*Asks:* 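Right, I'll just put the structure down here and ask away after.
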Amino acid sequence: MATESRDYTEATETDRELTMSRAMVEAIAWEMRENEEVFYMGEDVADYGGIFSSTTGLLDEFGRDRVMDVPISETAYLGAAVGAAQAGMRPIAELMFVDFFGVAMDQIYNNMAKNTYMSGGSFSVPMVLTTAVGGTYNDAGQHSQTLYGTFAHLPGMKVVVPSTAYDAKGLMHSAIRDDDPVVYMFHKRLMGLGWMPSPPGPKTGVPEEDYTIPFGEADIKRHGSDVTVVTLGLHVHRALDAASQLEDDGIDAEVVDLRTLVPLDTETILDSVRKTGKLLVVDEDYQSFGVTGEIIARAAEGALDDLSAVKRLAIPDVPIPYARSLEDEVNPGTDDIAAAIRELHE
Amino acid sequence: MATESRDYTEATETDRELTMSRAMVEAIAWEMRENEEVFYMGEDVADYGGIFSSTTGLLDEFGRDRVMDVPISETAYLGAAVGAAQAGMRPIAELMFVDFFGVAMDQIYNNMAKNTYMSGGSFSVPMVLTTAVGGTYNDAGQHSQTLYGTFAHLPGMKVVVPSTAYDAKGLMHSAIRDDDPVVYMFHKRLMGLGWMPSPPGPKTGVPEEDYTIPFGEADIKRHGSDVTVVTLGLHVHRALDAASQLEDDGIDAEVVDLRTLVPLDTETILDSVRKTGKLLVVDEDYQSFGVTGEIIARAAEGALDDLSAVKRLAIPDVPIPYARSLEDEVNPGTDDIAAAIRELHE
Amino acid sequence: MVSVTEMQTMYEQMVTARYYEERLQEEYLVGKQPAFDISAGPIPGELHLAAGHESSGAGVCIHLRDDDTVTAPHRPHHIAIAKGVDLKKMTAEIFGRETGLCRGKGGHMHLFDPDVNFACSGIIAQGCPPAVGAAMAAKKRNTDSVAVAFLGEGAIDQGGFLESLNLAAVQDLPVVFVIEDNDWAISMPKDRVTDVEDGSRRAWGFDMPGERVDSDDAVAVYEAAEKAIMRARDGNGPSLIEVQVHRRMGHFMGDAEAYRPEADIERAKQRDSIERLADDLRAHGVEDDELDEIRERAHERVDEAIAWAKEQPEPDPSTAYENVFTNPPAQTATDGGANTSDASSDGDEGGDR
Amino acid sequence: MVSVTEMQTMYEQMVTARYYEERLQEEYLVGKQPAFDISAGPIPGELHLAAGHESSGAGVCIHLRDDDTVTAPHRPHHIAIAKGVDLKKMTAEIFGRETGLCRGKGGHMHLFDPDVNFACSGIIAQGCPPAVGAAMAAKKRNTDSVAVAFLGEGAIDQGGFLESLNLAAVQDLPVVFVIEDNDWAISMPKDRVTDVEDGSRRAWGFDMPGERVDSDDAVAVYEAAEKAIMRARDGNGPSLIEVQVHRRMGHFMGDAEAYRPEADIERAKQRDSIERLADDLRAHGVEDDELDEIRERAHERVDEAIAWAKEQPEPDPSTAYENVFTNPPAQTATDGGANTSDASSDGDEGGDR
Ligand SMILES: Cc1ncc(C[n+]2csc(CCOP(=O)(O)OP(=O)(O)O)c2C)c(N)n1
Ligand SMILES: Cc1ncc(C[n+]2csc(CCOP(=O)(O)OP(=O)(O)O)c2C)c(N)n1
Ligand SMILES: [Mg+2]
Ligand SMILES: [Mg+2]
């Protein structure tokens, strides 16, 4: 599947810049206006507006019936979202931190993800599961994971990970309109929260009108010819920074933002690898049995002869530690990425 | 880590052959006799003896206090096992089917797996989580999964998958004696149940005395020079059958039984791949973001130059369907493996 | 008050369910004798029969319409029949056929019929949250539809059920939870797993009405269910009902019940709700002829469904790759389909993933 | 009946907790002003302070011994202090230092002290099952140790808590569940998430005694806890207690509480359990001097702990790879440690994985 190869700066060619959080909410509000069947439920999504500003302002516009605070009963309310979706509504249900998936995974992976298949297609589950992911602010092992691989591994869910406001809005429109369950994972560090400063990258120009971004199309956020860096979420920005650093040294890295893990855009990865011959995969999830392994495997399956070197950076199979020195050690940084690209280039 | 390269038939060089279920139970009973702190809890593990005969006879010998039926409250009793383990006991807790993990995953991956790390090592969690895995008997999407990758991906658990009675006993002794949480995944089709006939492979000779098998040592179940087949669980036997079929055609496949996913014996894989240059990974879990990807990635990282072809067979990212024709289609069979080896060999 | 016609309807559903399972049992054992092999024969996999549970399905579902939702657990046939699930397609599904309710993908524990809003599933208490969600949808849409979640007494210790009680209560949702208490959860008697004899007491802690029907008298079930369902339909919120039923067989086919006292098996077999309802009907002046007629009609319908199902085609292997998504992505997530050389030469199936 | 000495002990624990958190708040805000940045300063990450909860920790833990187990939720400091967790090491942990309780790996939500069998964690109701397990171990070993699980009123809707009640009840385990009802779960008031005003009613559905202490009077908490803990210690099974406490601050630092009515904040601040206990002590003839002395001693201890903690070394990055396992496998699971060139040149850390 050829990706529409959009330059990283193109999206910013509009006057209006939004944070990722505002872009997400804009899409949700638009869909709620259009379609009465869309509603949002989660903990602290009404008056609070979402701990990570995923629902700011929605209560005021849509009222308590469509923006619902629910008990701390993830099994009950995520499962209820499945039931409402099977009845034809379009619930958006928020799991406050992805780290909490374990209290409700049965409803997520057995009902939400499988009911379409197991019913032979006679039921659909058109719901969006929104959830905050990621570390970098020292919240330790139960509040800092991304768990990208955990969700992408289990069939039946589409899995979306935006890295910019532009992508966040388009992917949210697509997610709500999709007739299938979509897990929409937003990285806290990219949301543009006042109390958790984002890097400059995720705040981009965002068109006022609604638009969709198709699932399964990776986005080449930087074109380059020497080394392919495949990544997603926060690490798109770290990879871009690393690539900039290396420019002066004449190393030209290509940065592929996966944007969706399911479906996965294998072709864009292969095209890039065929060009550069060198693959670095950067992930904020645990290293083994996850995203990095899958990307490398696809490259090996599809372009083994073109591949001269592979490498990966991810959380090295340890829970996320609390102390700053420890978390920084295990979460791949810009310097780590630059060093890895350099190593591959040699 | 060099694996003790034991011939597949060696284990059978003893008079006494046991089913995998009896070998497992023998190890558990031995450890319960030795150590009063070991106890077993789960649903239907007392009078019933375990739905898959994982506890046959234990109630009679050890009584209800040490072989405990518990309410259908996986969160409560698996979490209780963590608490008892942290208090210094050595619980074995059974999750009847691995497919049910979703109702209790928080206790499994956040408490059982992480407390050692998050306490900085001041607590240990010496427990074994036993669970039945696998399909082939048409029990559909909520009772036929292996979920190998799901467990291996999350750090803090050792993950064990025996394929023979000999391995099952040794790995069980190791699991109970280990000071860390061990997820012990036994494949229903290998247990030697009267009502679900096993292939001949898993029933092997088993020494009467206790013995351990170290974690992190793959076992080459068949030596060969042409193609490396890396697999585990049920598919060890399918791979061995496929290898036998191909012998006549002069194709000499090596079959590596991983035995433990965490820790993973990368060196044995690499040694084999360096020798054959060709890698087939066969898995009964979902294909993407799981075991097959990880093994291929490790081979690519460690032996890219030696690698001339890779291939994988796994459940093709669909829930496990019920009907025989459908389940057979998605679960890699002996013929599929033989065809894949042949293809790689060409 | 129950009418004689309603009693006849319940009777018909109950004898249909009983005979259906007797026939299923026969078919299930084909290929599994003399040695029982769960994966052999025309119906492989687990099979949980509900003989002794019939009053619950019939007594509750008689109050329901097609637009009301029912979720059932792993022991679903009597409920499905009472809810009006298409018997032929359901049977074809159990036989794993292409024209089954789920195209052969679900099997006996996973029967989905959108026409009557029925679904069942295999994990304890799993249907409770979706039933709450169906009720939530009904409330949001301002319809008077209701939802009913069935579960076994072994499921009342499972978090998902307990959370559902609270969510339903605090949002005043039109949902009724029905516990089928057959005294056993596989091999575990109720008193080994909870201190509460009357499972409807679980409702107390959530400020929800709870009521226990102490016998599997279909008319008593009818009355308790009527109250709860009307309460829900009228917008007055959820209820919990426990119904005493009996497990006349092993937990699943092949369960020898070595753990179960002989006397308990005998007791379960003696108290048959179907005979009891027949007596009630006779007491209301219904002739034996009429009862025979009902039974014959039921048997015919069942035999026809089973005969039809057995003629249906097995699903083509390539359909295994379909239905993962309603809107399949334009590209495949894996190279799935490559497991057999046949499948990979068929260019089509990869598209639907 | 509570003795004056016990009241003094509770008072000391309560003022220690209050002052400790006041000091933590100061330290937490270092580097976070003028613009609040959760990841800046010497104490990054979330910080949940328990001002207004002190009576609960003190009134319960005064009945506990070191060999009794306590699990606490995300708001743990007052409980940890009352349980006797090492204050210096706990503080060093909160500052993310190498000599902290968890070598800097846990932080404020994950304090583990094996010496007094204390642990806390960050996911709702997560500590309930392990407390049940500690009680199970005590019963199996025939000791008279007990376990106490603390949770917030927002946690009484979570399956893990509800399942734990049942498991504890059916096995008659020596465990006490203590709900700290501060009226709020972050921004959600209790009546938005459950219909039950008195959380101790949750016990009814499991045949367990439940009792609510309607004010945050430490002596009243003492009495309810005494009864429950002695019941458990004497082998008579579990209990559930709900204690009314007050949240004097935002849910976590940085929470502006825009959702919270001004009057509610005022009300929470007025009713201070520490002042109330001081009055009680005075009524029992304890002089102001003595109270001042207790407070001074508490402040000194806190200041000392904080000063000590701030002098402790940060963990060496290489220690991030340690402690995944107690018995690390001989080989590494990944090539972890390769994230920085520094680490990968250090041959040691790979061994401990
Ligand atoms: C979460 C979960 N745990 C365990 C099981 C295995 N299991 C299937 S049926 C059953 C017993 C159920 O008993 P009950 O709810 O009383 O229903 P009954 O079978 O008696 O109708 C168990 C333990 C499961 N399916 N799901
Ligand atoms: C399973 C789960 N869901 C949600 C959260 C997020 N969360 C953390 S604290 C909290 C509110 C807890 O309220 P309560 O139990 O009353 O304790 P309080 O904070 O008031 O002391 C929530 C929703 C979580 N940690 N775990
Ligand atoms: Mg039952
Ligand atoms: Mg609270």
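Note that the coordinates shown come from a computational prediction; the quantities given were computed from them, not determined experimentally. A note on names: the letters A, B, ... follow the listed sequences, proteins ahead of strands, and every chain is numbered from 1.
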*Asks:* So for B:T136, is it side chain, backbone, both, or neither that comes closer than 4.5 Å to the heavy atoms of chain C?
*Replies:*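 Answer is backbone: N, CA, C or O of B:T136 sit under 4.5 Å from chain C.
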
*Asks:* If you round to the nearest 0.5 Å, how far is CD of C:E46 from CG of B:D139?
*Replies:*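 If we round to the nearest 0.5 Å, B:D139:CG and C:E46:CD are 4.0 Å apart.
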
*Asks:* For C:I156, is it the side chain, the backbone, both, or neither that has a heavy atom closer than 4.5 Å to a heavy atom of chain B?
*Replies:*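 No part of it gets close to chain B.
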
*Asks:* Looking at C:S121, C:C102, C:P317, which makes the most heavy-atom pairs under 4.5 Å with chain B?
*Replies:*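 The candidate making the most pairs under 4.5 Å is C:P317.
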
*Asks:* Of the listed residues (C:K32, C:R192, C:H108), which shares the most heavy-atom pairs with chain B below a 4.5 Å separation?
*Replies:*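 Heavy-atom pairs under 4.5 Å are most numerous for C:R192.
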
*Asks:* Determine whether B:Q142 and C:M109 make a side-chain contact, defined as any pair of heavy atoms from C-beta on separated by less than 4.5 Å.
*Replies:*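 They are not in side-chain contact.
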
*Asks:* Counting only non-hydrogen atoms closer than 4.5 Å, does B:I51 touch chain C with its backbone (N, CA, C, O), its side chain (CB onward), both, or neither?
*Replies:*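 Just the side chain, heavy atoms under 4.5 Å.
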
*Asks:* Please classify the contact of C:A40 with chain B as side chain, backbone, both or neither, using a heavy-atom distance under 4.5 Å.
*Replies:*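 The backbone, not the side chain.
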
*Asks:* Side chain from CB out, backbone as N, CA, C, O: work out which of these in B:T75 comes under 4.5 Å of a heavy atom of chain C, or both, or neither.
*Replies:*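 Answer is neither: B:T75 stays 4.5 Å or more from chain C.
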
*Asks:* Side chain, backbone, both or neither: which part of B:F97 has a non-hydrogen atom closer than 4.5 Å to chain C?
*Replies:*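 For B:F97, the side chain is the part near chain C, not the backbone.
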
*Asks:* Taking side chain as everything from C-beta outward and backbone as N, CA, C, O, which of these in C:E257 sits under 4.5 Å from a heavy atom of chain B? Side chain, backbone, both or neither.
*Replies:*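 Answer is neither: C:E257 stays 4.5 Å or more from chain B.
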
*Asks:* Taking side chain as C-beta onward, heavy atoms only, is C:I186 less than 4.5 Å from B:M96?
*Replies:*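 Yes - at least one pair of side-chain heavy atoms lies under 4.5 Å apart.
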
*Asks:* Checking C:A35 against chain B: side chain, backbone, both or neither under 4.5 Å from a heavy atom?
*Replies:*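 Contact with chain B: none, neither part.
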
*Asks:* Given 3.5 Å as the limit, does a donor-acceptor pair link the side chain of B:S325 with the main chain of C:P315, or not?
*Replies:*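 Confirmed, B:S325 side chain pairs with C:P315 backbone.
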
*Asks:* Is it the case that over 12 heavy atoms from other parts of the model lie below 6.0 angstrom from the NZ atom of C:K89?
*Replies:*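 No.
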
*Asks:* Which distance, rounded to the nearest 0.5 Å, do you find between the CD1 of C:I123 and the CZ of B:F100?
*Replies:*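 Going from the CD1 atom of C:I123 to the CZ atom of B:F100 covers 5.5 Å.
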
*Asks:* To the nearest 0.5 Å, what is the distance between CG (B:L193) and CZ (C:F36)?
*Replies:*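 One finds 11.5 Å between CG of B:L193 and CZ of C:F36.
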
*Asks:* For the backbone of C:A320 and the side chain of B:E329, can you confirm whether one donor and one acceptor N or O come within less than 3.5 Å of each other?
*Replies:*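 Not at all, since once roles are kept as given, no pair shorter than 3.5 Å links the two residues.
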
*Asks:* Decide whether B:Y322 and C:E93 meet the rule of one side-chain donor and one side-chain acceptor closer than 3.5 Å.
*Replies:*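 Not at all, the side chains of B:Y322 and C:E93 share no donor-acceptor pair under 3.5 Å.
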
*Asks:* I need the minimum non-hydrogen distance between B:H143 and C:G122, along with the two atoms involved.
*Replies:*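 Minimum heavy-atom separation between B:H143 and C:G122: CE1-O, 3.4 Å.
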
*Asks:* Taking C:P44, C:G96, C:G45 one by one, which has the highest count of heavy-atom pairs under 4.5 Å against chain B?
*Replies:*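 The answer is C:P44.
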
*Asks:* Could you check whether any side-chain heavy atom of B:E74 comes within less than 4.5 Å of a side-chain heavy atom of C:I124, counting everything from C-beta outward?
*Replies:*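 No, too far: nothing below the 4.5 Å cut-off.
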
*Asks:* Would one find more than 12 heavy atoms of other residues, nucleotides or ligands at under 6.0 Å from atom CD of B:E61?
*Replies:*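 Yes, because the 6.0 Å sphere around CD of B:E61 holds more than 12 heavy atoms from other groups.
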
*Asks:* Once the angle between the rings of C:F252 and B:Y48 is folded into 0 to 90°, is it parallel (under 30°), tilted (30 to 60°) or perpendicular (over 60°)?
*Replies:*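 It falls in the perpendicular class, over 60°.
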
*Asks:* Near B:R324 CZ, under 6.0 Å, is it more than 12 heavy atoms from other residues, nucleotides or ligands?
*Replies:*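 Above 12, so yes.
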
*Asks:* If you compare all heavy atoms of C:H110 against all heavy atoms of B:A140, which two are closest, and at what distance to 0.1 Å?
*Replies:*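 Scanning both residues completely, I find the closest heavy atoms to be CD2-CB, 4.0 Å.
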
*Asks:* What's the shortest heavy-atom distance between B:S73 and C:D157, and which atoms?
*Replies:*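 Shortest heavy-atom contact: OG-O, 2.8 Å.
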
*Asks:* Could you give the distance from CD1 (C:I43) to CG (B:N138), rounded to the nearest 0.5 Å?
*Replies:*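 It is 11.5 Å, given to the nearest 0.5 Å.
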
*Asks:* Does the side-chain contact (heavy atoms from CB on, under 4.5 Å) test come out yes or no for B:L326 and C:T319, once each step is laid out?
*Replies:* CA-CA 7 Å; B:L326 300 178; C:T319 64; 3.3 Å; yes

*Asks:* Evaluate C:M188 against B:I72 for side-chain contact (heavy atoms from CB on, under 4.5 Å), listing each step before the verdict.
*Replies:* CA-CA 10 Å; C:M188 304 192 300; B:I72 310 177; 4.2 Å; yes

*Asks:* If I measure from the heavy atoms of chain C, does B:E327 come under 4.5 Å with its side chain, its backbone, both, or neither?
*Replies:*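 No part of B:E327 comes within 4.5 Å of chain C.
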
